[in-house]
There are 2 protein chains.
Amino acid sequence: MLTIGKLAAETGVKVPTVRYYEQIGLLPPPERSSGNQRLYGPLARQRLAFIRHARALGFPLEAIRDLLSLSDRPELPCSAADAIAKAQLAAVQARIAQLKALEQELQRMVIQCAHGTIADCRVIEVLGDHGQCAHDHHTVPEAME
Amino acid sequence: MLTIGKLAAETGVKVPTVRYYEQIGLLPPPERSSGNQRLYGPLARQRLAFIRHARALGFPLEAIRDLLSLSDRPELPCSAADAIAKAQLAAVQARIAQLKALEQELQRMVIQCAHGTIADCRVIEVLGDHGQCAHDHHTVPEAME
DNA sequence: CTAATGTCTCTAGTAACTATAGCTGCAAGA
DNA sequence: TCTTGCAGCTATAGTTACTAGAGACATTAG
């Protein structure tokens, strides 16, 4: 049986985060020691590793919740899991495309900076006037860490 | 003089967001009408457009705060503004690189899915075992809007 | 004049944690 | 055995950049 600290060290998740996952119901409440400390078995370790890996791939916790409940029902077709992964892939791709447009614009700004005074700084000037931009970056999408 | 609604419509910022910017000190408290409603002049409009554009380029509000205070001092050298823009560019580029690694991994997962049952779903399997991954995506960076 | 829309303040909620405070548990050294 | 010090416990609040809601007042169109 692992204490929360060992579990955290083994999975690379921080201790408060483990407790947070329990609080929001992603991890089941574990056994407790006589002194009321959490004790985890290998199943919990596996589940936490799953969560950690999915988070690292950018899946939001809600998607992970769905994936976990799917993995508890191995007899179902995997189309639902597939759909979640595809949605995540699409979100990542959209985000990349958007960031590339921002990158272009920022690069233009930085390159044109003549390193004089603020009064004729391209950075400040371009920010003040969207008309000088090449691309349409005027939609700020949601984060995804 | 513009009411908050007109200002919002002209700049593409939502009304509560304008009030929020005032609350955190990005916009100065404007004049008020006899009935206590906010009234904005062209300077406020310009400042808000600046904020809006910088946000669209992904600058965090703290960076925008710095940029605004720089733009109030046109005689200073523009190196500080340049540095902020460069930092934002670097953050965007780092984020793109990280998302590309995720994209690869997600693509592998989705492509390998045989559309059978959950029991042998690659999506679920790969998430449960990081050893099957090609890349090192095990650092989740911070958001950026 | 009335009805509809706009605006006001204030509070709370979002995602996914992180940090803090103040307490108790537990293992090892002197 | 004492004690020191880390680990763990609960609960609350803070983070970013807003968004949503409640309930009241202002303004404007018909």
Side-chain angles (χ1 to χ4, degrees), chain A residues 1-27 29-40 44 48 51-68 88 91 95 138-145, chain B residues 1-27 29-40 44 48 50-68 88 91 95 139-145:
Chain A
M1 284 308 209
L2 302 165
T3 63
I4 197 171
K6 311 274 186 193
L7 178 74
E10 282 195 16
T11 56
V13 175
K14 289 184 191 136
V15 169
T17 305
V18 177
R19 287 195 279 248
Y20 169 71
Y21 287 162
E22 178 186 334
Q23 189 195 312
I24 63 169
L26 270 192
L27 289 176
E31 287 181 56
R32 298 289 184 129
S33 73
S34 57
N36 197 35
Q37 301 196 348
R38 288 170 179 82
L39 292 178
Y40 297 91
L48 183 54
I51 296 170
R52 152 86 157 132
H53 192 194
R55 281 298 296 137
L57 286 168
F59 287 89
L61 290 182
E62 272 320 295
I64 296 173
R65 198 186 292 276
D66 294 344
L67 287 169
L68 281 169
Q88 175 61 11
R95 189 88 177 104
H138 260 276
T139 38
V140 182
E142 72 269 28
M144 169 189 332
E145 57 270 48
Chain B
M1 287 308 212
L2 302 164
T3 63
I4 197 172
K6 311 276 187 193
L7 178 74
E10 282 194 16
T11 55
V13 176
K14 289 182 192 137
V15 168
T17 305
V18 176
R19 286 195 280 249
Y20 169 71
Y21 287 161
E22 179 185 333
Q23 188 194 312
I24 63 170
L26 271 193
L27 289 176
E31 289 180 54
R32 298 289 183 128
S33 73
S34 57
N36 197 36
Q37 300 198 349
R38 288 170 179 83
L39 291 178
Y40 297 92
L48 183 54
F50 184 102
I51 296 170
R52 152 85 158 133
H53 193 193
R55 281 298 295 137
L57 286 167
F59 287 89
L61 290 183
E62 272 320 295
I64 296 174
R65 198 188 292 277
D66 294 344
L67 288 169
L68 281 169
Q88 175 61 11
R95 189 85 180 104
T139 38
V140 181
E142 73 270 28
M144 171 184 337
E145 89 263 30

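Numbered from 1 within each chain, the chains take letters A, B, ... in sequence-line order.
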A.B. asks: Of the nucleotides dT19(D), dA16(C), dT7(C), which has the atom closest to the Pro60(A) side chain?
C.D. replies: dA16(C)
A.B. asks: Please state whether the phosphate of dT7(C), meaning OP1 or OP2, lies under 4.0 angstrom from any side-chain nitrogen or oxygen of Thr3(B).
C.D. replies: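 Result: yes.
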A.B. asks: Grab the CD-C1' distance between Gln23(B) and dC8(C) for me, whole Å please.
C.D. replies: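 Whole-Å distance recorded here is 14 Å.
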A.B. asks: Take the protein atom OH of Tyr20(A) and the nucleotide atom P of dA13(D), then report the distance between them rounded to whole Å.
C.D. replies: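 Distance check: Tyr20(A) OH to dA13(D) P gives 17 Å.
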A.B. asks: Please check this pair: side chain of Arg52(A) against backbone of Thr11(A), looking for a donor-acceptor N/O pair closer than 3.5 Å.
C.D. replies: yes
A.B. asks: Output the single nucleotide from dT7(C), dA17(D), dT18(C) whose closest atom is nearest the side chain of Lys14(A).
C.D. replies: dT18(C)
A.B. asks: Grab the N/O contacts between the protein and nucleotides 22-29 of chain C below 3.5 Å, and write none if there aren't any.
C.D. replies:
none

A.B. asks: Given dT19(D), dG8(D), dT7(C), identify the nucleotide with an atom nearest to the side chain of Ile4(B).
C.D. replies: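 Among dT19(D), dG8(D), dT7(C), the one nearest the side chain of Ile4(B) is dT7(C).
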A.B. asks: Would you kindly give the CG-to-P distance between Leu27(B) and dC18(D), to the nearest whole Å?
C.D. replies: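 Going from Leu27(B) (CG) to dC18(D) (P), I get 12 Å.
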A.B. asks: Do you know the tightest heavy-atom contact between Pro30(B) and Glu22(B)?
C.D. replies: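 Closest approach of Pro30(B) to Glu22(B): CD-OE1, 3.4 Å.
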A.B. asks: Have a look at Glu31(A) and tell me which of Met1(A), Arg38(A), Gln37(A) forms a side chain to side chain contact (heavy atoms under 4.5 Å, CB included) with it.
C.D. replies: Met1(A)
A.B. asks: Between Phe59(A) (CZ) and dA16(C) (P), how many Å, whole number?
C.D. replies: 13 Å
A.B. asks: Would you kindly give the CD-to-C1' distance between Glu31(A) and dG8(D), to the nearest whole Å?
C.D. replies: 17 Å
A.B. asks: Just jot down the side chain to side chain contact (heavy atoms under 4.5 Å, CB included) partners of Tyr21(A), sequence neighbours excluded, or say none.
C.D. replies: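 Partners of Tyr21(A) by the side chain to side chain contact (heavy atoms under 4.5 Å, CB included) criterion, ordered by chain and then number, come out as Val13(A), Thr17(A), Ile24(A), Leu26(A), Leu27(A), Leu48(A), Ile51(A), Arg55(A), Leu61(A).
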A.B. asks: Counting only side-chain nitrogens and oxygens, does Arg19(A) get under 4.0 Å of the OP1 or OP2 atom of dT10(D)?
C.D. replies: no
A.B. asks: For Asn36(B) versus Arg32(B), what's the shortest heavy-atom pair and its separation?
C.D. replies: O-NH1, 2.9 Å
A.B. asks: Picking from dA17(D), dC17(C), dG8(D), which would you name as closest to the side chain of Leu61(A)?
C.D. replies: dC17(C)
A.B. asks: Can you measure Arg65(A) atom CZ to dA16(C) atom P for me and round it to whole angstrom units?
C.D. replies: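 Rounded to whole Å, this separation is 10 Å.
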A.B. asks: Write down the distance between CD1 (Ile24(B)) and P (dG14(D)), rounded to a whole number of angstrom.
C.D. replies: 16 Å
A.B. asks: Could you please name the option among dC17(C), dG8(D), dT9(C) that lies closest to any side-chain atom of Arg32(B)?
C.D. replies: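 Minimum distance to the Arg32(B) side chain belongs to dT9(C).
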A.B. asks: Checking all strands, does Arg38(B) fall into the base, sugar-phosphate, or nothing category for heavy-atom contacts under 4.0 angstrom?
C.D. replies: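 Sugar-phosphate: the residue Arg38(B), judged by heavy atoms under 4.0 Å, touches backbone atoms but no base.
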A.B. asks: If you measure from CG on Leu7(B) to OH on Tyr40(B), what distance do you get to the nearest 0.5 Å?
C.D. replies: 6.0 Å
A.B. asks: Respond yes when some side-chain nitrogen or oxygen of Arg55(B) is under 4.0 Å from OP1 or OP2 of dC18(D), and no when none is.
C.D. replies: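 It does, given that an N or O in the side chain of Arg55(B) lies less than 4.0 Å from OP1 or OP2 of dC18(D).
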A.B. asks: Whole angstroms only, please: what is the NZ-P distance between Lys6(B) and dT27(D)?
C.D. replies: 14 Å
A.B. asks: With a 4.0 Å limit, can you tell me whether Tyr21(B) has a side-chain N or O closer than that to the phosphate oxygens OP1/OP2 of dA17(D)?
C.D. replies: no
A.B. asks: Any donor and acceptor pair, going by atom type alone, linking the side chain of Gln88(B) with main-chain N or O of Gly58(B) inside 3.5 Å?
C.D. replies: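 Pair found, side chain donor or acceptor close to backbone of Gly58(B).
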A.B. asks: Between Gly5(B) and Val15(B), what is the shortest heavy-atom contact and its length?
C.D. replies: CA-CG2, 3.9 Å
